[in-house]
Amino acid sequence: MTEPIRIVALAAGLSTPSSTRMLADQLSRAVRLELERAGAVVDVQTVELRELAHDITDAMLTRFTGERLGVVVESIRTADAVIAVTPVFNVGPSGLFKSFFDAMDIEIWKDKPVLLGATAGTPRHSLAIDYAIRPMFAYLKSQIVPTSVFAAAADFGADTEGQADALPLSSRIRRAAAELAMMLRTAGAAAEAEAQPGGDTATTADGSPAESGTAGSELDAEFANFVPMGQLLGRD
């Protein structure tokens, strides 16, 4: 039986209900549809960080991860991808969002595919993802989905003056979801290829198997007939 693709959606909204949670749900739903359309089984877990606020603070002060927070950390460690959505305050992510990452082991984010999302009351904060949030995940060495999704109040239908983004929110969500789904499918195909027994064996120019650790095995095929300069000059 095929293992399900595990996705964790982190919502750092401070109210209930919140536009941040709405955006996280829309993103995870779009990613699920993209993957299921390709025949994959998808398991999505949504985490409201506001429910872990005290645990996050305790972890920051004591450097000890409590049981509830530990369960979330382990789910992220084993997840195939993470959707991280935060409200924007003062042109940056919420303190709750940043504290959560400060309290965690940064190694679990290495090579982890991450789809970024952010919400705010006005489109003027839309660049916060690129200036304040994306650099943090670059430092964590995550694989960041190229398209990030910012949603202002207007994008959720609260605008009465026609100030919503020219590209509808639903279109941006679908594009970002398709990019994350492609990253996951590519990673899955690469893992299956590596797991196949009797893979391709490197060969030398005359077709014989190349010995492990030889210079020939490290060269591209077009350089297989490379002759050292010393040999050409008759010095070797």
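Values reported hereafter were calculated over all heavy atoms of this structure, with side chains retained and with hydrogens, waters and symmetry mates removed. Note that the coordinates shown come from a computational prediction; the quantities given were computed from them, not determined experimentally.
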To the nearest 0.5 Å, what is the distance between [atom1] ([X]) and [atom2] ([Y])?
X      : Y      : atom1 : atom2 : result
Thr57  : Leu96  : OG1   : CG    : 8.0 Å
Arg175 : Arg172 : CZ    : CZ    : 8.5 Å
Arg77  : Glu107 : CZ    : CD    : 9.5 Å
Thr46  : Leu27  : OG1   : CG    : 10.5 Å
Ile144 : Met183 : CD1   : CE    : 9.0 Å
Leu127 : Ile133 : CG    : CD1   : 11.0 Å

Can you tell me if [X] uses its side chain to pair, donor with acceptor, with the backbone of [Y] under 3.5 Å?
X      : Y      : result
Thr86  : Ser94  : yes
Glu179 : Thr147 : yes
Thr78  : Glu74  : yes
Arg174 : Ala30  : no
Arg21  : Ala12  : no
Ser18  : Leu14  : no

Self-check item: Verdict with supporting geometry, Thr16 and Arg50, side-chain hydrogen bond (donor to acceptor under 3.5 Å, both in side chains)
Solution: CA-CA 9 Å; Thr16 301; Arg50 69 185 300 274; 3.2 Å; yes

Quiz prompt | Evaluation steps, side chain to side chain contact (heavy atoms under 4.5 Å, CB included), between Ile173 and Leu23 | solution = CA-CA 9 Å; Ile173 288 175; Leu23 180 57; 4.0 Å; yes

Practice problem: Return the set of residues passing ring-ring contact (aromatic ring centres under 6.0 Å, His included) with Phe101 (not counting sequence neighbours), or none when no residue passes. | Solution: Phe97, Trp109, Phe137

Quiz prompt | Any residue meeting ring-ring contact (aromatic ring centres under 6.0 Å, His included) with Phe150, in chain and number order, not counting sequence neighbours | solution = none

Exercise. Take Thr119 and His125 through the side chain to side chain contact (heavy atoms under 4.5 Å, CB included) test and state the conclusion after the steps.
Key: CA-CA 8 Å; Thr119 60; His125 295 300; over 6 Å; no

Quiz item: Do Ile76 and Val82 pass the side chain to side chain contact (heavy atoms under 4.5 Å, CB included) test, and can you show the C-alpha distance, the side-chain angles, and the key distance before you say yes or no?
Solution: CA-CA 7 Å; Ile76 293 174; Val82 171; 4.1 Å; yes

What heavy-atom pair brings [X] and [Y] nearest, and what distance separates the two atoms?
X      : Y      : result
Pro146 : Arg134 : O-NH2, 3.2 Å
Ala120 : Val88  : CB-CB, 4.2 Å
Pro123 : Ala152 : N-CB, 3.7 Å
Ala59  : Ala103 : CB-CB, 3.9 Å
Pro93  : Ala132 : CD-CB, 4.1 Å

Would you call [X] and [Y] a side-chain contact if the rule is heavy atoms closer than 4.5 Å?
X      : Y      : value
Arg68  : Leu52  : yes
Gln26  : Arg29  : yes
Lys110 : Leu140 : no

Quiz item: Is atom CG of Asp105 surrounded by more than 12 heavy atoms (other residues, nucleotides or ligands) closer than 6.0 Å?
Solution: yes

Self-check item: Met60 atom CE, neighbour heavy-atom count above 12 within 6.0 Å
Solution: yes

Practice problem: Check step by step if side chain to side chain contact (heavy atoms under 4.5 Å, CB included) holds for Val8 and Ile83. | Solution: CA-CA 6 Å; Val8 174; Ile83 298 171; over 6 Å; no

Linking I/L/V/M/F/W/Y whenever any side-chain heavy atoms sit under 4.5 Å apart, do [X] and [Y] land together?
X      : Y      : answer
Ile56  : Met104 : yes
Leu35  : Val114 : no
Val42  : Val31  : yes
Ile106 : Leu116 : yes
Leu10  : Ile7   : no

Any ion pair linking [Y] and [X] (charged N to carboxylate O, less than 4.0 Å)?
X     : Y      : answer
Lys98 : Asp102 : yes
Arg6  : Asp43  : no
Asp80 : Lys112 : no

